[in-house]
Amino acid sequence: MSPSVWWRAGNLTVDGTVVQANASPHRRMSSAQLAEVAHVSHTVREYLAELEQHNPVDAPAGPPPADQKAAARMVSATDPDAAWAVKWGRAGFAYFDNYLIDNASRVILGVEATPARFSQEALAARRMLEQVEPLGLHPESLGADKAYGSGEFLAWLLARGVAPHIPVIDRRHQTGGRFTREQFRYAPEENVYYCPAGQPLRYRRAHPTGHGDIYSATVGQCRGCPQKPGCTPGAFRKLFVHWEEPAREKVRALVDTPAYERSRRDRYKVEALFAELKQRLRVGRVRLRRLWNVAEQFHLAATAQNLKRLVQFIARGQPTRTLRTT
């Protein structure tokens, strides 16, 4: 007999807040120093053993795994799982406390502890949404800030029938006043973009890190073009096209809808929960070290916040959304 929820969540919001680690900013080292420090630091020794377990020496050749990339950054000798972060002009080691909440009730549906790195926020959101799916929670929309607006995450949400009420990470118009990509006509049968002067920009290669393709003209095509000053300051014009551009276009079309505006206004609710977390529960700095211990502290704090909501529901005579077995 497995538990399931009779209530189906409608509109959710996800966000993360920076919480200081229980680690001094002065006790940090580069990856080159890890092995040396491990001789005297039990914590660093454990950290290296975990990295070795997840990335064995005889692993096949290829790009370094995510954990290995993380190890190449500045590491705390006290808490190696924490990430070096700068917030409000102050630098130090920190974690992200990520919340997934129901907008209507402000109940916290998911909690995820991660190192305080920008790349971890969307990954944490995926994990929380996957965790609530087996409980029968199928949200209609997800609101978030621009940190979650990558093409990959937006496409992932759309594939699950979730409307992303999220600003798209978009640099299309950062051209210094020159032609934007909308002014280039795409010919799908040729896989070619045509510039305003009618010159073709052909596919050249995939971008090594940008999850997209690069199209460009040639020096000969652009040399002497009367529209070149309004097109590019370089020798020839290049265009970057994201692989998930269709998903990005769908999300842009949602921006002016009433539902999107409602989700945008509701984002203050998760910020209010973070304010309560830090000001009332005093979780502005974690008391424990290592990721699994920090996750436990974050879950306990979120449980206390949800119990407060439950007391309010009972006091107001509101029906509570309960679990039932099937």
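Transitive grouping of hydrophobic side chains (ILVMFWY, heavy atoms separated by less than 4.5 Å) brings V132 and Y148 into a common cluster. Both L158 and L100 belong to a single network of hydrophobic side chains, linked directly or stepwise wherever heavy atoms of I, L, V, M, F, W or Y lie under 4.5 Å apart.
Q221 contributes no side-chain N or O that, together with a main-chain N or O of F236, makes up a donor-acceptor pair within less than 3.5 Å. A donor-acceptor pair under 3.5 Å is formed between the side chain of K228 and the backbone N or O of G234. In this structure a side-chain-to-backbone donor-acceptor pair under 3.5 Å is missing from R117 to A83. Side-chain N or O atoms of D79 include one that pairs as donor or acceptor with a backbone N or O of R290 at under 3.5 Å. At least one donor-acceptor pair under 3.5 Å links the side chain of Q183 to the backbone N or O of T180. The main-chain N or O of G149 is never found under 3.5 Å from a side-chain atom of R248 such that the two would form a donor-acceptor pair. Distance alone, capped at 3.5 Å, places no donor-acceptor pair between the R126 side chain and the A122 backbone. A donor-acceptor pair under 3.5 Å links the side-chain atoms of R289 to the main chain of N22, judged by distance alone.
Nearest heavy atom pair, residue L142 against residue V162, reads N-CG1, 3.8 Å. The two atoms that bring P167 and Y260 nearest to each other are N-OH, 3.4 Å, heavy atoms only. Heavy atoms only, all atoms of each residue included: E112 and A124 are closest at CG-CB, 3.8 Å. The two residues A147 and I169 have their closest heavy-atom pair at O-CD1, 4.3 Å. Scanning all heavy atoms of the two residues, the minimum distance from R280 to K308 falls at NH1-NZ, 4.1 Å. The two residues F93 and A82 have their closest heavy-atom pair at CB-CB, 3.8 Å.
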(message) With salt bridge (Lys or Arg N to Asp or Glu O under 4.0 Å) as the criterion, how do E130 and R127 come out once you've worked through the C-alpha distance, each side chain's angles and the decisive distance to 0.1 Å?
(response) CA-CA 5 Å; E130 288 171 343; R127 286 195 290 267; over 6 Å; no
(request) Apply side-chain contact (heavy atoms from CB on, under 4.5 Å) to the pair E133 and R160, showing each step before the final yes or no. (result) CA-CA 10 Å; E133 279 181 0; R160 282 156 180 76; 3.9 Å; yes
(request) Please report the C-alpha distance between H207 and H242 in whole Å, then the side-chain angles of each, then the deciding distance to 0.1 Å, and finally whether the side-chain contact (heavy atoms from CB on, under 4.5 Å) criterion is met. (result) CA-CA 9 Å; H207 193 283; H242 200 283; over 6 Å; no
(request) Assess whether side chain to side chain donor-acceptor pair (under 3.5 Å) is satisfied between T17 and D97, documenting all intermediate values. (result) CA-CA 5 Å; T17 188; D97 189 357; over 6 Å; no
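Side chains of Q199 and R237 form no contact here, defined as non-hydrogen atoms less than 4.5 Å apart. Here the side chains of T303 and L307 are in contact, with some heavy-atom distance below 4.5 Å. Contact of the P139 side chain with the L129 side chain is registered, since non-hydrogen atoms from C-beta on lie closer than 4.5 Å. Using a 4.5 Å heavy-atom cutoff, the side chains of R202 and N191 are not in contact.
Between atom CG of residue L12 and atom CG of residue L137 there is a gap of 7.5 Å, rounded to the nearest 0.5 Å. Taking CZ of R181 as the reference point, atom CG of L239 lies at 7.5 Å (rounded to 0.5 Å). Atom CZ of R223 sits about 8.5 Å away from atom OG1 of T218, to the nearest 0.5 Å. Rounding to the nearest 0.5 Å places CZ of R285 at 11.0 Å from CD of Q297. Between atom CD of residue E244 and atom CG of residue L154 there is a gap of 9.0 Å, rounded to the nearest 0.5 Å. Annotation: the span from R267 atom CZ to I166 atom CD1 amounts to 8.0 Å, rounded to 0.5 Å.
The hydrophobic cluster containing V270 also includes V19, Y95, Y99, I101, I108, V111, L273, F274, L277, L281, V283, V286, L291, V294, F298, under a criterion of side-chain heavy atoms closer than 4.5 Å among ILVMFWY residues, counted directly or through chains of members.
Among Y215, Y203, F179, F184, the single residue meeting the ring-ring contact (aromatic ring centres under 6.0 Å, His included) criterion with Y193 is Y215.
A salt bridge links R309 and E276; the closest N-O separation between the charged side-chain nitrogens and carboxylate oxygens is under 4.0 Å. A salt bridge between E245 and R252 is present, with a side-chain N of the basic residue lying under 4.0 Å from a carboxylate O of the acidic one.
Counting heavy-atom neighbours within 6.0 Å of K250 NZ, excluding the residue itself, gives a total of 12 or less.
A side-chain N or O of N103 and one of T13 form a donor-acceptor pair less than 3.5 Å apart.
Between W156 and F153, the angle of the ring planes stays under 30°, which puts this pair in the parallel group of the 30/60° scheme.
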